[in-house]
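What follows is one structure encoded as structure tokens, with my remarks underneath.
Count residues from 1 along the sequence.
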Amino acid sequence: MSRRVVRQSKFRHVFGQAAKADQAYEDIRVSKVTWDSSFCAVNPKFLAIIVEAGGGGAFIVLPLAKTGRVDKNYPLVTGHTAPVLDIDWCPHNDNVIASASDDTTIMVWQIPDYTPVRNITEPVITLEGHSKRVGILSWHPTARNVLLSAGGDNVIIIWNVGTGEVLLSLDDMHPDVIHSVCWNSNGSLLATTCKDKTLRIIDPRKGQVVAERFAAHEGMRPMRAVFTRQGHIFTTGFTRMSQRELGLWDPNNFEEPVALQEMDTSNGVLLPFYDPDSSIVYLCGKGDSSIRYFEITEEPPFVHYLNTFSSKEPQRGMGFMPKRGLDVSKCEIARFYKLHERKCEPIIMTVPRKSDLFQDDLYPDTPGPEPALEADEWLSGQDAEPVLISLRDGYVPPKHRELRVSKRNILDVRPPAGPRRSQSASDTPLAQQHTLETLLEEIKALRERVQAQEQRITALENMLCELVDGTD
């Protein structure tokens, strides 16, 4: 009998390549805050990076096509009064991003498709509920406008961004600092890791810990966890001797790991980026100069090492492009945005193929930008898998989705239900009417702002006159 020595896998030859120099984003002052988040978020339209900012917190948002040297006066998104610690793009609206800060607030921003002339300083909504800094953000994968935040107060809050309301507050489950939070594919469960060395699986709507494992990794340094497509939990952590370690766990049987592998000795926390379409997990350590990747399968040893992408410079952070933002014509299966001290460099992971045709086996249908549920449906107990799209013809991001201001749901972009009553509205196409409404709202808001500024100027002039008179 011939024995197969080499494991068969279409991902065995995946290779990473840094983009050409002119495809990088230069002259960006990446944040120096010592916080274990990725400092970078990317979607098919924009690249967002947390940057150094005097007297507050800021991040920069660049259109993906705006490569090369970034003007030092390029507008920032500023509004926080302390450093920004985490940012996350909404999966259902490519123009909406949330930011979390040391100032205890979360702000949700609408980013225009055009380049703004000055800093964006007005968030769509500010969410206030944490008593200490907020360091983790994660949008719900399938429900519209549902955002999770975790803070230094050891509390997880789930928000309806559209109304600014707290949907759920999980405040008595973690006795210490929360290191990571991850939704499963349909957003029915959470996997969390905590400084108390416990890995927990939580049903947020029941407010219950459904499974937990103490010391999944025995070291004291931070642990990370992500759900896999099969419902297992992939973890990264440290051994008691401070060696970095990865693990795979079955939540139905937390006693023994499905797989546990030691890796190397290094201080950097390993950030896992998991792609459910290919079942590949990419490990990027802060301060490392490499990205290691592994394939997770149903056969022993379950976590199979594939390869390592190495470069000379260490990474300050890393952004991971959603599948719909990749170039399928080049067999690209992942794209990272690696942060250096002063620049951001795309790194492209490719499966070598000779054919130019669309590769069905590399690109199964993948989650698209449409939510499967409304926030109140999810809260009432409904679950739904993500709404999938095909990448056969490539993915074109939809045009700027305007905010329709409504007390109930300010990020809802769908037209109102039912016919309009006024004659003019019924004669105007919905999209145009939508823009007219938005423009009128913006003009009104600007007028009010100008009026307030004028009143302020008048008050200051009066004060000046009084001071001058007093001096005389």
How about Pro369 and His92: do any of their side-chain heavy atoms sit closer than 4.5 Å? no

Between Val269 and Arg221, does a side chain to side chain contact (heavy atoms under 4.5 Å, CB included) hold up when you go through it step by step? CA-CA 8 Å; Val269 173; Arg221 309 249 14 249; 4.0 Å; yes

For the side chain of Thr236 and the backbone of Leu270, is there at least one donor-acceptor N/O pair under 3.5 Å apart? yes

Using a distance-only test with no angle check, is there a side-chain donor-acceptor pair under 3.5 angstrom linking Tyr274 and Ser279? yes

Below 30° counts as parallel, above 60° as perpendicular, anything between as tilted: where do the rings of Trp109 and His80 land? perpendicular

Can you tell me how far the CZ atom of Arg29 sits from the CD1 atom of Ile50, to the nearest 0.5 Å? 14.5 Å

Got Leu246 and Val281 here, is their nearest side-chain heavy-atom distance under 4.5 Å? no

If we only count heavy atoms from C-beta on, is the Asn95 to Asp113 side-chain gap below 4.5 Å? yes

Would you indicate whether the side-chain heavy atoms of Trp378 and Ile158 approach each other to under 4.5 Å? yes

Neighbour count above 12 (heavy atom, 6.0 Å) for Glu385 CD: yes

Enumerate the side-chain hydrogen bond (donor to acceptor under 3.5 Å, both in side chains) contacts for residues 114-124, please, sequence neighbours excluded, ordered by first and then second residue. none

Where Pro251 and Trp249 come nearest, the two heavy atoms and their spacing: CD-O, 3.7 Å

CA sep, side-chain torsions, deciding dist, call: Leu62, Ile60, side chain to side chain contact (heavy atoms under 4.5 Å, CB included): CA-CA 7 Å; Leu62 300 166; Ile60 190 168; 4.1 Å; yes

For Glu212, which residues count as a salt bridge (charged side-chain N to carboxylate O under 4.0 Å, His left out) partner, sequence neighbours excluded? Arg200

Quick test of your reading of the model: are Asp383 and Arg205 salt-bridged, counting only N-O distances below 4.0 Å? yes

Within-4.5 Å side-chain heavy-atom neighbours: Asp27 and Tyr74: no

Smallest separation among heavy atoms of Val155 and Ser169, with atom names: CG1-OG, 3.7 Å

May I ask you to say whether Arg392 pairs ionically with Asp360, meaning some side-chain N is under 4.0 Å from a carboxylate O? yes

Exam field: side chain Gln23 to backbone Lys20, donor-acceptor pair closer than 3.5 Å: no

Neighbour count above 12 (heavy atom, 6.0 Å) for Lys197 NZ: yes

Does the structure place the NZ or CZ of Lys323 under 6.0 Å from the centre of the six-membered ring of Tyr395, at an angle of no more than 45° from the ring's axis? no

Considering only NZ, NE, NH1 and NH2 on the basic side and carboxylate oxygens on the acidic side, decide whether Lys45 and Asp94 come within less than 4.0 Å. no

Which heavy-atom pair separates Val33 from Pro83 by the least distance, and what is that distance? CG2-CB, 3.7 Å

Which value, rounded to the nearest 0.5 Å, describes the distance between Ile233 atom CD1 and Ile201 atom CD1? 3.5 Å

salt_bridge(Glu26, Arg69) N-O dist < 4.0 Å: no

Is any side-chain heavy atom of Gln315 less than 4.5 Å from a side-chain heavy atom of Leu271? no

Might you point out which heavy atoms bring Phe39 and Leu85 nearest each other, and give the distance in Å? CE1-O, 4.1 Å

Is there a side-chain contact between Val181 and Ser138 (heavy atoms, below 4.5 Å)? no

Closest non-hydrogen contact found for Thr67 with Asp22 is OG1-O, 3.3 Å

Interatomic spacing from NZ in Lys132 to CG in Asp153 - rounded to 0.5 Å: 7.5 Å

Between Arg244 (side chain only) and Gly268 (backbone N and O only), is there a donor and an acceptor less than 3.5 Å apart? yes

N/O donor-acceptor pair under 3.5 Å between Glu332 side chain and Asp327 backbone: yes

Might you work through the side chain to side chain contact (heavy atoms under 4.5 Å, CB included) test for Ile97 and Val77, ending with a clear yes or no? CA-CA 10 Å; Ile97 187 169; Val77 182; 6.0 Å; no

State, yes or no, whether a side-chain contact exists between Val14 and Glu295 at a heavy-atom distance under 4.5 Å. no

Ring centres under 6.0 Å, that's the criterion: do Phe336 and Tyr282 meet it? yes

So, Ser290 and Asp288: side-chain donor and acceptor under 3.5 Å apart, yes or no? no

Separation of Asn160 CG from Leu379 CG (nearest 0.5 Å): 9.0 Å

Atom pair OG (Ser131) and CG (Asn154), whose distance is rounded to the nearest 0.5 Å: 9.0 Å

Minimal non-hydrogen separation, Arg224 against Pro272, with atom names: CB-CD, 3.6 Å

Atom CG in Leu147, atom NE2 in His140: separation rounded to 0.5 Å? 11.5 Å

Let me have the donor-acceptor pairs involving side chains of residues 341-350, under 3.5 Å, with sequence neighbours excluded, atom names and distances please.
from	atom 1	to	atom 2	distance (Å)
Glu345	OE1	His340	NE2	3.0

